[in-house]
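The block underneath contains the structure these notes are about, expressed in structure tokens.
Only a predicted model underlies this, so the values are computations on that prediction, with no experimental measurement involved. Order of listing sets the numbers, starting from 1, for every ligand and every atom in it. Numbering starts at 1 and runs along the sequence shown.
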Amino acid sequence: MSNIQGIVVIITGASSGIGEAAAKELASKGAKLVLAARREDRLQKLQEEIQNQGGQAIYKVTDVTSAEQMEELAQFALKEFGKIDVLINNAGLMPNSLLYKKQIEDWNKMIDVNIKGVLYGIAAVLPFMRERKSGHIINLSSVAGHFVGAGSAVYAGTKFAVRAISEGLRKEEYGNNIRSTIISPGMVKSELPESITDTDFKPVIEKMYEGAIEAESIARAIAFAIEQPSDVAINEMIIRPTHQER
Ligand SMILES: NC(=O)c1ccc[n+]([C@@H]2O[C@H](COP(=O)([O-])OP(=O)(O)OC[C@H]3O[C@@H](n4cnc5c(N)ncnc54)[C@H](OP(=O)(O)O)[C@@H]3O)[C@@H](O)[C@H]2O)c1
């Protein structure tokens with residue numbers, strides 16, 4: 001039997017892409033899922049799909065930029081399933097642009113979702129994990145959390161921050177038996193490029209993404225990190241398309 005059988009996993013950004021694929025993968029291995037995102041129709045459809053396959057899933061419409069809503073999400077998981085074993089801080093967006101274009105609204109959104117959303121997620125579940133002396137927090141960084149390209153200054157900044165926060169979390173909580181994992185994908189097929197508002201930049205990224213791999217590739221890596229015995233922590237993984245250079 002998989003170590004994933006019966007564990008309770010909260011996934012943010014479960015309404016598409018990597019979050020949705022991770023939900024399906026973990027449900028197929030017996031996890032009890034708490035799906036979160038803003039688009040309710042998508043969450044409802046995914047819940048039905050998982051349930052039709054014999055899996056267990058509940059959902060709560062949640063905006064990760066609200067610390068209050070993230071607290072409510074954790075409470076919902078506890079009320080419905082009695083515990084939280086894993087949080088996957090996956091919600092994110094990537095409206096890349098060149099700095100001189102001053103797309104300040106996009107910068108703020110990335111900082112709010114990609115950094116503050118991760119922090120609010122950690123804040124919401126950590127007290128319960130510390131109390132149980134058990135837990136696992138998985139944060140989605142990116143290859144852009146390792147390398148910076150023109151146009152990705154702010155996005156990369158947020159993804160470097162995710163890696164710093166995850167490593168800080170590891171140093172603070174390993175003694176409480178709480179595992180921390182950083183997942184850094186390369187180009188993955190999802191709705192991510194749709195968040196780009198810079199009309200000069202969008203076609204460049206769309207062309208690049210022709211070589212993207214399926215979201216299931218990342219879902220399998222997430223499952224691998226979770227299903228290790230509790231004394232084994234997969235702290236960091238980079239998963240690229242074989243043909244991606246940087
Ligand atoms: N695809 C890639 O090539 C790639 C590469 C490296 C890293 N990543 C990272 O992987 C993660 C998942 O991205 P993806 O590729 O699967 O993209 P995606 O298909 O666009 O999914 C992003 C998810 O984030 C959710 N989201 C956005 N803003 C939110 C908010 N304020 N509150 C709650 N949920 C919010 C969206 O749901 P709603 O709109 O319904 O709220 C959606 O479910 C992101 O952190 C991304 O940076 C992706």
Check side chain to side chain donor-acceptor pair (under 3.5 Å) between Lys207 and all other residues, then give those that pass, not counting sequence neighbours.
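If we apply the side chain to side chain donor-acceptor pair (under 3.5 Å) test to Lys207, skipping adjacent residues, the hits are Glu210.
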
Tell me every residue that passes side chain to side chain donor-acceptor pair (under 3.5 Å) with Asp200, counting only those two or more places apart in sequence or in another chain.
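Expected list: Lys101.
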
Spacing of CD1 belonging to Ile10 relative to CD1 belonging to Ile84, to within rounding of 0.5 Å
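Reported to 0.5 Å precision, the distance equals 4.0 Å.
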
Quick one, Ser97 with Asp198, criterion side-chain hydrogen bond (donor to acceptor under 3.5 Å, both in side chains). Give me CA distance, side-chain angles, the key distance, then yes/no.
CA-CA 6 Å; Ser97 60; Asp198 182 336; 4.9 Å; no

Is the closest heavy atom of [X] to ligand 1 under 4.0 Å?
X      : result
Asp63  : yes
Leu93  : no
Ser141 : yes
Ala21  : no
Lys159 : yes

Verify the cluster assignment for [X] and [Y]: are they in a single hydrophobic cluster under the rule of side-chain heavy atoms below 4.5 Å apart?
X      : Y      : result
Ile137 : Leu73  : yes
Leu43  : Val9   : yes
Ile226 : Ile122 : no

Side-chain ion pair, [X] and [Y], N-O less than 4.0 Å:
X      : Y      : result
Lys32  : Glu80  : no
Glu25  : Arg220 : no
Glu191 : Arg39  : yes
Arg170 : Glu167 : yes

For Thr197 and Gln103, does a side-chain donor sit closer than 3.5 Å to a side-chain acceptor?
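Their side chains do contain a donor-acceptor pair, which is all the 3.5 Å distance test asks for.
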
Does a donor on one side chain and an acceptor on the other come within less than 3.5 Å for His136 and Gln228?
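Judged by distance alone, the side chains do not pair up.
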
Pick whichever of [options] has a heavy atom sitting closest to [atom].
atom                    : options                    : value
atom 32 (N) of ligand 1 : Val64, Ile11, Asn90, Leu46 : Val64
atom 38 (P) of ligand 1 : Ala91, Ala14, Ser15        : Ser15
atom 21 (O) of ligand 1 : Ser142, Gly17, Ser16       : Ser16
atom 23 (C) of ligand 1 : Gly13, Ala37, Ser184       : Gly13

For ligand 1 and [X], I'd like to know whether there is a polar contact (N/O to N/O, distance under 3.5 Å).
X      : answer
Thr65  : no
Leu192 : yes
Ile18  : yes
Met187 : no
Pro185 : no

What's the shortest distance from [atom] to any protein heavy atom, and which residue and atom give it?
atom                    : result
atom 17 (O) of ligand 1 : Ser190 OG, 3.3 Å
atom 8 (N) of ligand 1  : Tyr155 OH, 3.7 Å
atom 27 (C) of ligand 1 : Arg38 NH2, 3.5 Å

Test of understanding: given a 4.0 Å heavy-atom threshold, classify the contact between Thr62 and ligand 1 as side chain, backbone, both, or neither.
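It is the backbone that touches ligand 1; the side chain stays farther off.
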
Val188 contact mode with ligand 1 (heavy-atom cut-off under 4.0 Å):
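Both backbone and side chain.
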
Taking 4.0 angstrom as the limit and counting only heavy atoms of [X], give me the atoms of ligand 1 inside it, by number and element.
X      : result
Gly92  : 22 (C), 24 (O), 44 (C), 45 (O)
Tyr209 : 2 (C), 3 (O)
Val113 : 28 (N), 31 (N)
Gly186 : 2 (C), 3 (O), 4 (C), 5 (C), 6 (C)

Minimum heavy-atom distance between Leu78 and Lys83, given as atom pair plus value:
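What the structure gives for the nearest pair is CD2-CA, 3.7 Å.
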
